Amino acid sequence: MVSAVICICVVLVALIGLMELYFGKNVLYEKFIDNFFYERYIKFNPRPMSTQLNPAVLGSYLLGCLPFSFYFFKNKSLYLRLLGISSCLLCVSVIILTFSRGVFLGLIALMLFYLWHSPGRKWKISILLFCVISILCVSSLQKNSNYNRFSFKRLITGSYDSIISEYRIDRVYMTKKILRDYPLLGIGFNHFRIRFDEYADKKNVNEVYEFRIPDNMYLIFLAEAGIVGTVGFFIFIVLLLKRGIMQLRKEEGYNKKQVLLISMSALIGLLVNMGAYELFYWNNPYLFFCLLCGFIGGAGEL
């Protein structure tokens, strides 16, 4: 029932995102909800936002929902199999269309983890890696600023916003300065933004509010929660995943094993995605993260 509800919701959200791209407008943000990002991603740099305010957040939501569609692939009911297949295809399609590199890397990690624990994993992983390399190669040939976000140059290094770039290295140095002053408990919740100018390099002083962030949830932990908070978080995650893997190896029933594998795959995807932006500062992805942790932690009680 939970998987069905999640799949139905994700189908609706994904369809809204596709309609938004097709019609070039989103009634939610034109009539009912203020959205700071709306004009940018509708007119100047079209990427779907659907109900989630921002393309990266939409991608995170879809990433967390995607594995739940796998639950119905072998279901006896034709309708449930169709629901699983349609929700999976819509999820992957809209994830790609968000052009979020963090979500894309999270998708790869999610699929690798899921396929590694599935029968016939060698050829399935080989097909996945072939598809990923094909996407990178095709994207590298594109001139469109959206399509080439998955190119070798913009994904890894060579661009101002790639994984290894001056922008992100500056945030690492800022975090290092903050840790030097507040090593144990950090500078405090949301204070990376509040005290940005105090720790930023001269060229970044007076940065606009939107970019007064490290664009990395793990740097946020270090800067705002210090060593104590960061170590505490990693202990929690390691113990949770350890318990999940032990239960996964012990579980014999297909349905219970799938529930656990699906939840762990989704969590792995979000953990990778957290390296790309402040996932916990957005309510929907944060609540989804907590929900997945609850599913894994309670797996032994199912």
Side-chain angles (χ1 to χ4, degrees), residues 10 13-14 17 37 40-41 45-50 52-67 91-114 128-129 131-133 135-136 139-140 142 145-172 175 192 210-224 230 233-234 237 264-290 292:
V10 81
V13 171
F37 304 99
R40 180 193 310 171
Y41 294 120
N45 193 21
R47 294 165 62 190
M49 296 163 282
S50 189
Q52 305 299 309
L53 293 175
N54 185 283
V57 181
L58 172 62
S60 300
Y61 171 76
L62 297 173
L63 191 65
C65 292
L66 172 62
C91 269
V92 173
S93 300
V94 179
I95 281 174
I96 298 297
L97 290 172
T98 62
F99 300 111
S100 171
R101 287 159 294 191
V103 176
F104 181 66
L105 293 174
L107 175 63
I108 296 170
L110 180 158
M111 294 302 300
L112 284 174
F113 183 85
Y114 184 84
L128 173 66
L129 294 177
C131 292
V132 170
I133 293 170
I135 290 173
L136 294 176
S139 298
S140 298
Q142 304 300 313
S145 61
N146 274 341
Y147 293 115
N148 67 21
R149 287 174 69 87
F150 296 145
S151 65
F152 288 103
K153 180 178 179 180
R154 293 193 67 188
L155 182 65
I156 303 170
T157 185
S159 172
Y160 77 96
D161 56 353
S162 52
I163 295 173
I164 302 173
S165 61
E166 184 180 0
Y167 165 74
R168 296 190 181 275
I169 291 172
D170 283 345
R171 272 40 179 188
V172 172
T175 303
F192 194 100
E210 181 184 352
F211 298 108
R212 299 165 75 90
I213 52 173
D215 252 1
N216 185 314
M217 195 65 226
Y218 300 107
L219 291 182
I220 279 285
F221 285 140
L222 282 169
E224 298 187 355
T230 306
F233 174 77
F234 279 112
I237 291 297
M264 292 184 68
S265 300
L267 182 63
I268 293 292
L270 290 184
L271 287 171
V272 172
N273 189 24
M274 282 167 59
Y277 80 112
E278 293 69 32
L279 186 139
F280 281 15
Y281 277 174
W282 294 84
N283 292 338
N284 200 338
Y286 173 63
L287 290 172
F288 218 126
F289 180 91
C290 295
L292 292 170

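Note that the coordinates shown come from a computational prediction; the quantities given were computed from them, not determined experimentally.
Between the OH atom in Y61 and the CD1 atom in I95 there is a gap of 11.5 Å [rounded to 0.5 Å]. For the atom pair I268 CD1 and F113 CZ, the distance stands at 5.0 Å (nearest 0.5 Å). To the nearest 0.5 Å, atoms CG (L105) and CG (L155) are separated by 5.5 Å. Taken from CG in L58 to CE in M49, the straight-line distance is 9.5 Å, to the nearest 0.5 Å.
Side-chain contact check for Y167 and D215: at least one donor-acceptor pair (N or O, by modelled atom type) lies under 3.5 Å. For the residue pair S60/Y277, the side-chain donor-acceptor check at 3.5 Å is satisfied.
Side-chain contact between Y147 and I96: absent, with no pair of heavy atoms (C-beta onward) separated by less than 4.5 Å. Between T175 and L222, the closest side-chain pair of non-hydrogen atoms falls below 4.5 Å. Using a 4.5 Å cut-off on side-chain heavy atoms (C-beta onward), L107 and L66 make contact. Looking at V103 and L62, their side chains never come closer than 4.5 Å, going by heavy atoms from C-beta outward. When side chains are defined from C-beta on, M111 does not count as touching I108, because their heavy atoms never get closer than 4.5 Å. For the pair L270/P285, no side-chain contact is recorded, criterion being any heavy-atom separation below 4.5 Å from C-beta on. R47 is not listed as a side-chain neighbour of L97, based on a closest heavy-atom distance of 4.5 Å or more. Put simply, the side chain of P48 reaches to within 4.5 Å of the side chain of T98, judged on heavy atoms.
Considering all non-hydrogen atoms of both residues, L63 and G269 come closest at CD2-O, 3.4 Å. Across all their heavy atoms, R168 and I163 have their closest contact at CD-O, 3.4 Å. Annotation for S265 and L110: closest pair O-CG, 3.4 Å, computed over non-hydrogen atoms. For V10 against C65, the heavy-atom pair with the smallest separation is CG2-CB, 3.6 Å. V272 and A109 get closest at one heavy-atom pair: CG2-CB, 3.5 Å.
For the pair S165 (side chain) and S162 (backbone), a donor-acceptor distance under 3.5 Å is present. With hydrogens and angles ignored, the 3.5 Å screen pairs no side-chain donor or acceptor of R101 with any backbone N or O of F150. Under a 3.5 Å cut-off, the side chain of S140 and the backbone N or O of F152 do form a donor-acceptor pair. For the pair N216 (side chain) and L219 (backbone), a donor-acceptor distance under 3.5 Å is present. Put simply, the side chain of S151 never gets that close to the backbone of S139: no donor and acceptor are under 3.5 Å apart.
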Give the C-alpha distance, both sets of side-chain angles, the deciding distance and a yes or no for side-chain contact (heavy atoms from CB on, under 4.5 Å) between L267 and F289. CA-CA 7 Å; L267 182 63; F289 180 91; 3.4 Å; yes

Could you walk me through whether F104 and L136 satisfy the side-chain contact (heavy atoms from CB on, under 4.5 Å) test, starting with their C-alpha distance in whole Å, then the side-chain angles of each, then the deciding distance to 0.1 Å, before giving a yes or no? CA-CA 11 Å; F104 181 66; L136 294 176; 4.3 Å; yes

Working note: N45 + F99, criterion side-chain contact (heavy atoms from CB on, under 4.5 Å); need CA distance, chi angles, decisive distance, verdict. CA-CA 11 Å; N45 193 21; F99 300 111; over 6 Å; no

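Applying the ring pair (Phe, Tyr, Trp, His ring centres under 6.0 Å) test to F221 and every residue at least two apart in sequence or in another chain returns F233, F280. By the ring pair (Phe, Tyr, Trp, His ring centres under 6.0 Å) test, Y218 pairs with F234, sequence neighbours left out. With sequence neighbours left out, the salt bridge (charged side-chain N to carboxylate O under 4.0 Å, His left out) criterion links R154 to D161. Contacts of F192 classified as ring pair (Phe, Tyr, Trp, His ring centres under 6.0 Å), with partners at least two apart in sequence or in another chain: none.
Here salt bridge (charged side-chain N to carboxylate O under 4.0 Å, His left out) pairs that include residues 266-285, with residues two or more places apart or in two chains, number zero. Listed by first then second residue, pairs satisfying side chain to side chain donor-acceptor pair (under 3.5 Å) with a partner in residues 279-288 read Q52-N284, E224-Y281, not counting sequence neighbours.
A salt bridge between E210 and R40 is present, with a side-chain N of the basic residue lying under 4.0 Å from a carboxylate O of the acidic one.
Heavy-atom neighbours of E166 CD from other residues, nucleotides or ligands within 6.0 Å: at or below the threshold of 12.
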